[in-house]
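For reference, the structure is listed below as structure tokens.
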Amino acid sequence: MTKTSPGNFFEDFRVGQIIAHATPRTVTTGDVALYNALFGPRFAVQSSDVFAQAIGYPRAPVDDLLVFHIVFGKTVPDISLNAVANLGYANCRFLKPVFPGDTLTAVSEVIGLKENSSRKTGIVFVRSSGFKQDGTLVLEYVRWVMVRKRDETAAAPGDHVPRLPTELDAKLLGEACPAIAAYDNALAGSAHRFGDYNVGEKIDHVDGMTVEEAEHQLATRLYQNTARIHFNQFIEGQGRFKRRLIYGGHVISLARALSFNGLANAFHVAAINGGRHVAPLFAGDTVFAWSEVIDKAELPGREDVGALRVRTIATKDCPCGAFPLKAGENDDPAVILDLDYWVVLPR
Amino acid sequence: MTKTSPGNFFEDFRVGQIIAHATPRTVTTGDVALYNALFGPRFAVQSSDVFAQAIGYPRAPVDDLLVFHIVFGKTVPDISLNAVANLGYANCRFLKPVFPGDTLTAVSEVIGLKENSSRKTGIVFVRSSGFKQDGTLVLEYVRWVMVRKRDETAAAPGDHVPRLPTELDAKLLGEACPAIAAYDNALAGSAHRFGDYNVGEKIDHVDGMTVEEAEHQLATRLYQNTARIHFNQFIEGQGRFKRRLIYGGHVISLARALSFNGLANAFHVAAINGGRHVAPLFAGDTVFAWSEVIDKAELPGREDVGALRVRTIATKDCPCGAFPLKAGENDDPAVILDLDYWVVLPR
Amino acid sequence: MTKTSPGNFFEDFRVGQIIAHATPRTVTTGDVALYNALFGPRFAVQSSDVFAQAIGYPRAPVDDLLVFHIVFGKTVPDISLNAVANLGYANCRFLKPVFPGDTLTAVSEVIGLKENSSRKTGIVFVRSSGFKQDGTLVLEYVRWVMVRKRDETAAAPGDHVPRLPTELDAKLLGEACPAIAAYDNALAGSAHRFGDYNVGEKIDHVDGMTVEEAEHQLATRLYQNTARIHFNQFIEGQGRFKRRLIYGGHVISLARALSFNGLANAFHVAAINGGRHVAPLFAGDTVFAWSEVIDKAELPGREDVGALRVRTIATKDCPCGAFPLKAGENDDPAVILDLDYWVVLPR
């Protein structure tokens, strides 16, 4: 009997199934340094222990997206090793800050299954949760992914499409953000606070970042994400794209880092309402991004911070001064990411 | 007089010579993060302080191979700066776990010398030892390397080929492994323990990892390994291979990380019986690996763990489902590494 | 109103203007590990807590140039986002050691302005200072940079060229270096101390290091340096060089790391008298370096250490055995860096 794990195929899943994922991971300042080197974020809260302490954190928290990627990575061997495509995210909440020294584990629940008409694949919906060493839930999100069947003739393991919210209620945000005091605009890099942003406002983040093979491989291995398509040129060179595909989360992190130029005080990602990777990214491409403020909300009982609902579009090889969109609106093939999320910033 | 070190040539060595190597090195969680990003290991013991503590370590130990590479790196300026080829390893034991914060130093003893018939080169056998700040021996190994002579007419500095064991006795293993308790299969990623493996069992590790120039350079510099052939395209572009050669230890770490898929509970490399780099690896190549369990042993007085003697073969651009071999058995030119080592796993 | 920062143009500066730069940064052992992986320095003081403690530091200090790059990076969004060229450095002093855990901030004062005759650009002279969390000044330096005007017809904002010293007095050096005791030559990698170097002595550092795109991007993002020319192949591919330009500080760090081979005991950069990037470096090029000892000085009241004034020349694709120079002396187009600095080493 082989000891090698083949991963799960569509017919292996059941609605209600709970999967405890392998490889707990202690996050360190080493991970933070690599994340900084890979994406170049400049948000002061995550960059400086002193700044973080001044506003109410015990020390600089780990970037929310680094936490997301580490939790996501754990789910890959069980959920998406045999995936054809990662279709979307919804209902993602960042519930507690994570600090260097914390150890993360992940659990997923299968909340939906839908066989495709071809009977070769099906869509698996999972709610994945990330926990600290003391059992605190730090992150949860839903994703859905198209997974191959091992055997086309196998019966579908279920037929249930969960209802997913398209937006998280602002009342649910801010739990991971302590009471904020003494926020220094100059050190943070911008005078623009919650009250300065208007719904409908569009911001071109201007800068572009070219991605190298070594960079996305380093990042994706750092998250212990084992999806084969990111690492194996020998196999992918014979495949559909002829090359390695970059982990979609890499684009999210690049877009977030680029968004500093225009959203410098949006120091915390509180939730992701939804997101789609609308086209693949490959090494050598240059990522640009722009954002639109699509909603804003005061948080219950919070005089210190408010939330902006931001839609960030990332493109490849296309500066974003003209605010390109895709899908139903303005079909620009340069668009690679359409992300809808809530950020928290000081009032 | 120049201050530049030319390194040692074959005629500079003497049997019995002791060389204290330069540049002590404090290992940190930063090094661990980089190692993770470079190779993507998923062994729970090294990944999680909480998991490591639950089974008996004070915290997550540093990956055994990272310790090996750091100690090896220190020996390069004195032993192999003028090497033509790194010929083999033997008798390598990992004697104590190393933790972030420990400082490593290295010492080598010349244990053999044999001039080649061409009189242009000779083989140098050294036993290298790595120590912690308190003098604890954490690692020792023998390697032999073909080194150029400065002057072909120089007399050979000795003629002694040491007898080297081809296998470490299992009685000598396990010293670096604390008494293991409460080992969680689900978190570790596999239900297969010591008793589940059989001698003769072959495991294809399935996945492949493509190596980029930036990756192997980052790794090899991290170890302060100064071997010129890894870093200097200007010179190597005019040489035998027309390109930079990847440090052989890079292949060992990739094969070890890939072996998680099939050997997930083999959390500790206790010894390396022998190893040969049978062909060079270059950037752009994709590394695959497979393993055979060639022996298994209970450890004296240990009910908690046992040892598997594993032979791992790594290839380039060749998936390993057919278990390719090289040299005397089945001469597959794709094979690049043939490594014989003992791993420890829970019973 | 857009929230995106356009950076400052020449006409935005005023002599005497003080700019507090954004994004304070806690330096960690993760940053140190990345710096080691990117450049491969081997100076024992920065590599080992134990060695550093033995000679008088509380622990291993952060490499002086890593501190320089982090402080420099902070100044980019305000000073040089619209720069055409970084022209030079002067009067740079390293005043206190920085340790992992320290948080750095930066402030610049505009000390000179000179419009170019084309009226399209002007030269901005700034004195930039780096501070620790407790207000300690750890680094200061002057640089001058050619910055575009937003509007060619705008009036020049001033006309003042500051007098800059071409050399720092040795009396001002050594403040960042504790009293040194018990320095171990063998561990440090060289027997050559202060007294062994002579003015006029030239040292070829022999080794070459090829730079990859991923490497310089990782480094420059690690410093939160946002200069666009380093990261955006889409735009730079249409520009003057057709490719991304490597941050000049990358060359300085490579040259310093290469200089270990010949200057192994020069563990501390105390000052930079001046420096010029005389030609650009691109990925794929191999950097070599050589040095000349151009002065030496005892430090007032210090029996433990002395200072060498060193001129280090870095080249691309040109081994330095013939000691190539550029500009007024021997116009070798391979030369990319001409750096004049003081290093401290044990007597």
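Chain A is the first sequence line, chain B the second, and so forth, proteins listed ahead of strands; every chain is numbered from 1.
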For a 4.5 angstrom cut-off between non-hydrogen side-chain atoms, does C:Arg309 reach C:Val293?
no
NZ or CZ of C:Lys296 within 45° of C:Tyr197 ring axis and under 6.0 Å
no
Shortest non-hydrogen contact from B:Asn8 toward B:Val147:
O-CG1, 3.9 Å
Please report the interatomic distance CD(C:Glu236) to CZ(C:Arg243), rounded to the nearest 0.5 Å.
11.5 Å
Check: B:Glu11 side chain, B:Asp151 main-chain N or O, donor-acceptor pair, under 3.5 Å
yes
Just checking heavy atoms, which of residues 259-267 of chain C are less than 4.5 Å from chain B?
C:Phe260, C:Asn261, C:Gly262
With respect to chain B, which residue among C:Val287, C:Asp285, C:Ile203, C:Val206 yields the maximal number of heavy-atom pairs within a distance under 4.5 Å?
C:Val206
Is there side-chain contact between B:Pro100 and B:Arg59, with heavy atoms separated by less than 4.5 Å?
yes
Keeping the roles fixed (side chain from B:Gln53, backbone from B:Pro58), state whether a donor-acceptor pair exists under 3.5 Å.
yes
Under 4.5 Å, heavy atom to heavy atom: which of residues 60-85 of chain B reach chain C? Give them by number, or say none.
B:Pro77
For the ring pair C:Tyr183 and C:Phe51, is the centre-to-centre distance below 6.0 Å?
yes
Side chain / backbone / both / neither for C:Asp31 at chain B, heavy atoms under 4.5 Å
neither
Checking heavy atoms, do the side chain of C:Val50, its backbone, both or neither come under 4.5 Å from chain B?
both
B:Phe10 and B:Lys149 have their tightest heavy-atom pair at CB-CG, 3.7 Å
Just by distance, no angles: are the side chains of B:Asn86 and B:Arg143 close enough, under 3.5 Å, to form a donor-acceptor pair?
yes
Are there residues of residues 207-229 of chain B that reach to under 4.5 Å of chain C by heavy atoms, and which ones?
B:Glu213, B:Ala214, B:Gln217, B:Leu218, B:Arg221, B:Leu222, B:Gln224, B:Thr226, B:Arg228
I need the residue from B:Gly30, B:Ala33, B:Pro24 with the largest number of non-hydrogen atom pairs under 4.5 Å to chain C.
B:Pro24
Just by distance, with hydrogens left out, do C:Ser47 and B:Thr23 show a side-chain donor and acceptor under 3.5 Å apart?
no
Compare all side-chain heavy atoms of C:Ile313 with those of C:Leu337 and state whether any distance is below 4.5 angstrom.
no
For C:Gly321, is there any backbone N or O sitting under 3.5 Å from a side-chain donor or acceptor partner on C:Lys202?
no
Side chain, backbone, both or neither: which part of B:His21 has an atom under 4.5 Å from a heavy atom of chain C?
backbone
Judged by atom type as modelled, is there a donor-acceptor pair below 3.5 Å linking the side chain of C:Gln233 to the main-chain atoms of C:Lys242?
yes
Positive for side-chain hydrogen bond (donor to acceptor under 3.5 Å, both in side chains) with B:Gln133, one of B:Asp102, B:Thr105, B:Thr26
B:Asp102
Taking C:Glu201 for the side chain and C:Asn198 for the main chain, is one N or O donor matched with an acceptor at less than 3.5 Å?
yes
Are there residues of residues 34-46 of chain B whose heavy atoms fall under 4.5 Å of chain C's heavy atoms? If so, which?
B:Leu34
B:Asp317 side chain to B:Thr286 main-chain N or O, any donor-acceptor pair under 3.5 Å?
yes
Sidechain-backbone polar pair: C:Thr315 side chain, C:Cys318 backbone, donor-acceptor under 3.5 Å:
yes
Is the backbone of C:Asp204 close enough, under 3.5 Å, to the side chain of B:Thr4 for a donor and an acceptor to pair up by distance?
yes
